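Input: a single structure, listed below in structure tokens.
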Amino acid sequence: MTLRLFNTLTGQLDPLTPADGMALRMYACGPTVYDYGHIGNFRTFLQIDILRRALQLLGTPVRHVMNITDVDDKIIRNAAQAGMPIGDYTQPYIDAFFEDFESLRMERPEQIARATEHIPQMVALVEKLAAEGAAYKAEDGSWYFRLKSFPEYGKLSKKDLSGMEDGARVDVDEYEKDSARDFALWKAAKPGETSWETAIGRGRPGWHIECSAMAMEYLGESFDLHAGGEDLMFPHHENEIAQSEMATHKQFARHWMHVRFLLVDGRKMSKSEGNFYTLRDLLLKGYKASAIRLALVSVPYRHQFNFTFDGLAEATSAVDRLRTFHERLKAGGFAPGESSQMQEAARKAKAEYREALADDLNTAEARAPIFELIRAANTAIDQGECFAADSEAILEVLKDFDAVFDVLEDRDAEPTRRALAWAEKSGRMNEVTPELIAAQSLTDEGIEMLVAERSAAKKTRNFARADQIRNELAEKGVILEDSKDGVRWKRK
RNA sequence: GGCGCGGUACCCAAGUGGUAAGGGAGAGGUCUGCAAAACCUUUAUGCGCCGGUUCGAUCCCGGCCCGCGCCUCCA
């Protein structure tokens, strides 16, 4: 099945297919590692994860390159303030990023590319542009892209810059540019700043050049898809197109995907607004990684997603419902045979689910048939009308669901544990919610012992003691479920 | 100012020119020692407002109101 994805460049839904008929070559702008990742960053990366997983589910393998911007103005400034080389400054944030990446169960891109490890490729690109007459060196040794050389500039963001007057907004330190909107390809070294000695002079890369150079390095001069947050559309991606297409005379990326921003309580998230959350903040508040993943992913990527704690609580309930049902199926015990109704329900759910994903990654719509199937199946199971072959068919549908959403298996303990260890190490234990600390005080073995004691109490009809134990466990976030097959427990 | 997006039940949210998916929450019920889980019933004659096109519009067109984003570092 072919995925139809909105293409910023054409302004319409275009089929997303590999030009070479092999793997789909995609480049996604990754993080700038000057701080811990916030939920806005992760909403974007998660939606790109949904894309790559959906592609694979629908039969298209991917070759996904993600960059790490480990040199830029902010990094240089912060590292200088901390009095350390930029590599030492960025490394902890890079490690933290991948830890968070894993906590949210994002699949590793096939290639991770760090800007500082691709300086030669960038230099070569600048030289190529210079040869084309599209780049020039300013008096201070910086290199700029000559915007006038690329008439198509603005085709991605639909901006008409022809009316822009030169000199309208010239930064004081950029007076050497020929034209105000020319952007830096290479910045001349300033005293004390990180720089590289290269054929085009001593300096460091401009912001946009890294993505062009690395995308071409790993995907070729022309590739299938380029993705990123909506803010990157202009000027970042526009500049990438200009410098890449001037250098190669080929179309850079055929398809452009932009993920809309996340809001918090209806406002743009920002540190000054006091509504800024990192993934770690949420984990320390006791929310599970799977619920955060589901919440950030359930509103389709082209819509603003308004993050609220109510919404996160809702996602938590949704994850519980999915898992409870999944467990119920896995527990087995179904009579041999099949029912035509359940077979048909499973077939229909699977088809609708896939179709929704193929339709511009409509995750909200994709969820619906899954939950519908769950209700139908629960009813059938209650009435003894769900058989072994039905259970298998439904599990297959859930497998499809989880191939993209990836929340069914409870792997939430590890991210929380890691977040707590980090809080401990970095002196942030005061940010940890007391309930979480209480929950951590119980080991699985401890829970099992209390559960056993309660079962014994119940046998002797000592319900007072049994309820006491249940309440005690509840206070520490452990929920019990009695059933005729025994007691099940789970952490909230 | 330029560009763009949205306004659907208590909350989140999908959707179609023919009369409103799904999730969460609430209420009642079945089941249970009590719970939990599960299931059933229940919560929009209406989809921001006003016109228009149409046999018929939430969905198409026009206007208006409100909210948000981008245009500058930003995912």
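Computed from a prediction, not measured in an experiment: that's the story for all the values here. Throughout, a chain's letter reflects where its sequence line sits, starting with A, and its residues are numbered from 1.
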When we call it a touch if two heavy atoms are under 4.0 Å apart, what does [X] touch: a base, just sugar-phosphate, or nothing?
X: A:Ala364; value: base
X: A:Arg323; value: nothing
X: A:Gly37; value: nothing
X: A:Asp310; value: nothing
X: A:Ile370; value: nothing
X: A:Ile479; value: sugar-phosphate
X: A:Arg375; value: sugar-phosphate

Worksheet item: Looking at B:G22, does its base get a donor-acceptor pair with the side chain of A:Glu372 below 3.5 Å?
Response: no

Discussion item. Looking at the base of B:C74, is there any donor atom on it, or on the side chain of A:Asn41, that sits under 3.5 Å from an acceptor on the other one?
Written reply: no

Worksheet item: Relative to the 5' end of RNA chain B, which residue comes earlier, A:Lys458 or A:Cys29, by the nucleotide with the nearest heavy atom?
Response: A:Lys458

Worksheet item: For A:His38 and B:C74, is the shortest distance between a side-chain N/O and OP1 or OP2 below 4.0 Å?
Response: no

Discussion item. Distance to the ring centre below 6.0 angstrom and angle to the axis at most 45 degrees; does that hold for A:Arg108 and A:Phe98?
Written reply: yes

Worksheet item: Would you call A:Phe371 stacked on B:G22, i.e. ring centres under 5.5 Å apart with the planes less than 30° off parallel?
Response: no

Item to complete: Can you figure out which of B:G24, B:A75, B:C73 approaches the side chain of A:Asp231 most closely?
Response: B:A75

Worksheet item: What is the distance, rounded to the nearest whole Å, between atom CG of A:Leu263 and atom P of B:A13?
Response: 10 Å

